Amino acid sequence: MTKPAATILDFLGRDHRACNHLFESVKADVTKKSWAGARRQFGRFLEAMLCHLAREEKVLFPAFEAHTANSMGPTRVMRMEHDRMRRLMHDMALTVTDADHCRYLCLSETLNMLMRQHNLKEEDLLFPMFDQMLGEERDDLIGAMEAIAR
């Protein structure tokens with residue numbers, strides 16, 4: 001059993017690693033042209049990613065914005081990146097359905113680069129800042145994010 005997350009960074013960092021693992025599993029199946037496996041794994045990856053994005057957008061970002069009275073700062077940038085990821089994942093889902101090996105790999109490289117940069121910003125800057133600023137609310141926020149289940 002996984003121990004409870006002590007910080008926002010711990011909790012959402014775990015989410016990042018789980019999503020990355022599923023993403024790599026899809027790529028492995030696509031590389032082997034194992035389309036049934038790729039479709040199954042992509043569904044799991046998409047579900048995990050959408051859950052993760054919802055946790056941030058429905059719980060964490062609003063709490064930060066309420067605390068700072070600012071919705072035009074870093075959370076706005078993160079939401080724009082989330083929207084870009086959603087568009088890429090939508091296009092990738094079509095390539096998996098169509099068994100389009102080359103297009104999937106091209107789109108996945110773009111998404112991979114975007115996710116890596118996005119996750120670094122969150123894990124190195126934002127999540128530690130959120131942990132510090134929202135410390136008194138942290139346990140409640142983690143609980144609310146956990147309630148958004150896959």
Side-chain angles (χ1 to χ4, degrees), residues 1-30 35-98 104-105 107-150:
M1 182 169 170
T2 307
K3 73 175 189 164
T7 65
I8 293 166
L9 174 60
D10 290 340
F11 180 74
L12 291 173
R14 251 185 241 155
D15 253 12
H16 285 169
R17 288 185 296 281
C19 290
N20 290 341
H21 176 74
L22 289 167
F23 183 72
E24 289 302 318
S25 296
V26 179
K27 184 177 179 181
D29 282 337
V30 170
W35 293 107
R39 287 180 192 102
R40 185 173 47 256
Q41 287 296 93
F42 189 82
R44 293 177 64 211
F45 164 70
L46 184 60
E47 182 181 3
M49 280 294 292
L50 293 176
C51 176
H52 174 75
L53 299 178
R55 286 172 170 173
E56 292 180 354
E57 293 173 353
K58 293 180 179 181
V59 177
L60 185 60
F61 294 173
F64 174 78
E65 292 163 354
H67 186 81
T68 62
N70 181 5
S71 63
M72 299 304 287
T75 54
R76 182 171 186 249
V77 173
M78 294 296 106
R79 281 189 175 95
M80 289 175 10
E81 290 180 6
H82 288 181
D83 289 343
R84 185 162 180 226
M85 284 186 241
R86 283 187 188 93
R87 287 190 304 272
L88 282 165
M89 290 184 296
H90 174 268
D91 292 346
M92 291 166 71
L94 297 174
T95 66
V96 172
T97 298
D98 295 342
Y104 179 87
L105 292 177
L107 291 169
S108 73
E109 285 304 313
T110 303
L111 181 61
N112 186 43
M113 184 175 61
L114 181 58
M115 286 190 326
R116 285 181 188 273
Q117 292 170 349
H118 182 85
N119 291 353
L120 276 173
K121 284 185 265 189
E122 288 184 336
E123 292 182 19
D124 290 351
L125 299 169
L126 294 178
F127 295 163
M129 179 176 64
F130 294 167
D131 275 317
Q132 183 178 11
M133 291 180 78
L134 303 170
E136 292 179 14
E137 302 170 59
R138 184 174 43 226
D139 292 344
D140 291 339
L141 292 171
I142 290 170
M145 288 188 288
E146 284 177 329
I148 299 174
R150 294 186 183 147

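Since the model is a prediction, treat every value here as computed from it, not as a measurement.
- Listed by first and then second residue, the side-chain hydrogen bond (donor to acceptor under 3.5 Å, both in side chains) pairs that reach into residues 66-79 are E65-T75, E65-R79, sequence neighbours excluded.
- For the atom pair CG (L111) and CE (M49), the distance works out to 6.0 Å, reported to the nearest 0.5 Å.
- Taking F127 as the reference, H16 meet the ring-ring contact (aromatic ring centres under 6.0 Å, His included) condition, with sequence neighbours excluded.
- One distance of note links CZ of R116 with NE2 of H118; it measures 14.5 Å at 0.5 Å rounding.
- Note that the OG1 atom of T7 and the CG atom of L141 stand 12.0 Å from one another [nearest 0.5 Å].
- Within 6.0 Å of CD in Q132 there are 12 or fewer heavy atoms belonging to other residues, nucleotides or ligands.
- For the atom pair CZ (F42) and CE (M92), the distance works out to 5.0 Å, reported to the nearest 0.5 Å.
- Of all heavy-atom pairs between L60 and L134, the closest is CD1-CD1, 4.1 Å.
- A distance of 5.0 Å separates CG in D131 from CZ in R138, rounded to the nearest 0.5 Å.
- The two residues S108 and F23 make their nearest non-hydrogen contact at O-CZ, 3.3 Å.
- Remark: K121 pairs with E81 by the side chain to side chain donor-acceptor pair (under 3.5 Å) rule, at least two apart or across chains.
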task = Could you walk me through whether L12 and M145 pass the side chain to side chain contact (heavy atoms under 4.5 Å, CB included) test, one step at a time?
result = CA-CA 9 Å; L12 291 173; M145 288 188 288; 4.0 Å; yes
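- Residues M78 and F64 fail the side-chain proximity criterion, which asks for heavy atoms closer than 4.5 Å.
- H21 places none of its side-chain heavy atoms less than 4.5 Å from the side chain of E24.
- In this view, D83 and R86 satisfy the side chain to side chain donor-acceptor pair (under 3.5 Å) rule, not counting sequence neighbours.
- The backbone N or O of L22 sits nowhere less than 3.5 Å from a side-chain atom of R44 that would complete a donor-acceptor pair.
- Minimum interatomic distance between R55 and E146 (heavy atoms only, all atoms of both residues): NH2-O, 4.0 Å.
- Annotation: the span from L120 atom CG to L125 atom CG amounts to 9.0 Å, rounded to 0.5 Å.
- When all heavy atoms of T95 and W35 are compared, the closest pair comes out as O-CZ3, 4.2 Å.
- What you find for T110 and R84 is that their closest heavy atoms are CG2-NH2, 3.9 Å.
- Side-chain contact between H52 and R14 is absent, with no heavy atoms from C-beta onward closer than 4.5 Å.
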request  = Walk me through it: do M89 and L53 pass the test side chain to side chain contact (heavy atoms under 4.5 Å, CB included)?
outcome  = CA-CA 13 Å; M89 290 184 296; L53 299 178; 4.3 Å; yes
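- Shown here are the side chain to side chain donor-acceptor pair (under 3.5 Å) partners of Q117, two or more places apart in sequence or in another chain: there are none.
- Nearest approach of A149 to C51, heavy atoms of both residues: C-SG, 3.9 Å.
- Scanning for ring-ring contact (aromatic ring centres under 6.0 Å, His included) contacts around Y104 gives an empty result, with sequence neighbours left out.
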